[in-house]
*Asks:* 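I have a structure I would like to understand better, so I am pasting it below and will then ask my questions one at a time.
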Amino acid sequence: MAPAIGRVVHSPFRPRIGRMIALAAAILLTLLPHATFAEEAWPLSPASPNAIAITNLFWFIVAIAVVIFVGVEGALLYALIKFRRRPGIRAAQFHGSTRIEVLWTVIPALILAVVFYLTVRTMLDTRVPGGDPIRIHAIAHQWWWEFDYGGGITTANEINVPVNEVVIIELDSADVIHSFWAPQLAPKTDAIPNKTQQLWFNARQPGVFTAKCAEFCGLSHAWMYFHVNAVPTDEYQAWLRAQRSPPSVPSGLAAQGRQIYQAQTCGSCHTISGVSDGKVGPDLTHMGSRWTIGAGVLENTTDNMRLWLADPSGVKPGALMPNYHFSPDELSALTAYMESLK
Ligand code: CUA
């Protein structure tokens, strides 16, 4: 017996509608800005020539897709309304149409050829430029970023760059695969262990650009932010000079903090210029001047630094820094020391 048409006996989809709405809401929520600092990474406001070229290509492909969508859905709606079931109307029954089949093969092939041509052209246009650009060695770690400028300058989770100058990032990973994604500045590039990759950008205006790891890399993948701070050249040079000099010698509470730092062997993981040279965790030489703690998990404030030192993995799941169970006085002293590292 033929199945009944026109009457839904049982719809397997209905009970799922609630779940689908919940899923859509969850997806929308993840798209809402949630960065703790600066603006959220947003690929559609590019600020470097290569990112601009990629965004232009994106909009061109979106335009083609919109034309196709409107055309196909329009034809579908037209057919649905024009040939809807009515008394006395019978759909024509036929099989095969060479003309239509040729058309729907040739037109998409032509569209894809144009997209292919523009993609290859964009790839060639965005090759690493020559000259003598600034080079920064970026090493991705679970779950933070190390930036080595050479000449003894190392930062973590933020870089300063001059505007209108080409910056090349030499990208490596210390453990698993991560991905360097500063969407306003450069195409997303994977950080692969034992394989150095290159990317470049040229920030056309001053500003702070939010960037993040874009490859799932473990428990705190979501807390692997970094910031690119593009500043005028003279400001950049002043920043380099400040980074090269060791932090001032602490006094008072901060000096007590330094004693605790040394007594608790914090220095076997962290570098502070003139104090310790550990290489496991971020370099803390200028921690006091950084914007965030824990690669963007907290803004760098006194209260937040205390919170972090009291229980690192409680603040950032999986953080490798152990909980030292510091007393409140020790926390105050260490926090003062961290803040003195400018
Ligand atoms: Cu590193 Cu995700």
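We count residues from 1, following the sequence as given. Order of appearance sets the numbers: ligands from 1, and atoms from 1 within every ligand.
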*Asks:* Going by side-chain contact (heavy atoms from CB on, under 4.5 Å), name the residues that satisfy it together with Ser268, two or more places apart in sequence or in a different chain.
*Replies:* Thr265
*Asks:* What donor-acceptor contacts under 3.5 angstrom involve side-chain atoms of residues 164-181, with partners at least two apart or in another chain?
*Replies:*
from   : atom 1 : to     : atom 2 : distance (Å)
Glu170 : OE2    : Arg135 : NH1    : 2.7
Glu170 : OE2    : Gln198 : NE2    : 3.4
Asp172 : OD1    : Thr196 : OG1    : 3.0
Asp172 : OD2    : His137 : NE2    : 2.7
Asp172 : OD2    : Thr196 : OG1    : 3.3
Ser173 : OG     : Asp175 : N      : 3.1
Ser173 : OG     : Val176 : O      : 2.4
Asp175 : OD1    : His178 : NE2    : 2.7
Asp175 : OD2    : Gln142 : N      : 2.9
Ser179 : OG     : Thr189 : O      : 3.3
Ser179 : OG     : Asp190 : OD1    : 3.0

*Asks:* Pull up every protein N/O/S atom sitting under 2.8 Å from atom 2 (Cu) of ligand 1, skipping waters.
*Replies:*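 Correct list: Cys213 SG, Glu215 O, Cys217 SG, His221 ND1.
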*Asks:* In terms of side-chain heavy atoms, does Thr154 have a donor or acceptor partner in Glu146 at a distance below 3.5 Å?
*Replies:* no
*Asks:* Who else is in the cluster with Trp144 when I, L, V, M, F, W and Y are joined by side-chain contacts under 4.5 Å?
*Replies:*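 For Trp144, no cluster forms, as it stays isolated from other hydrophobic side chains.
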*Asks:* Answer yes or no: is there a side-chain heavy-atom contact under 4.5 Å between Val275 and Arg258?
*Replies:* yes
*Asks:* To the nearest 0.5 Å, tell me how far His141 NE2 sits from Leu320 CG.
*Replies:*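 Going from the NE2 atom of His141 to the CG atom of Leu320 covers 11.0 Å.
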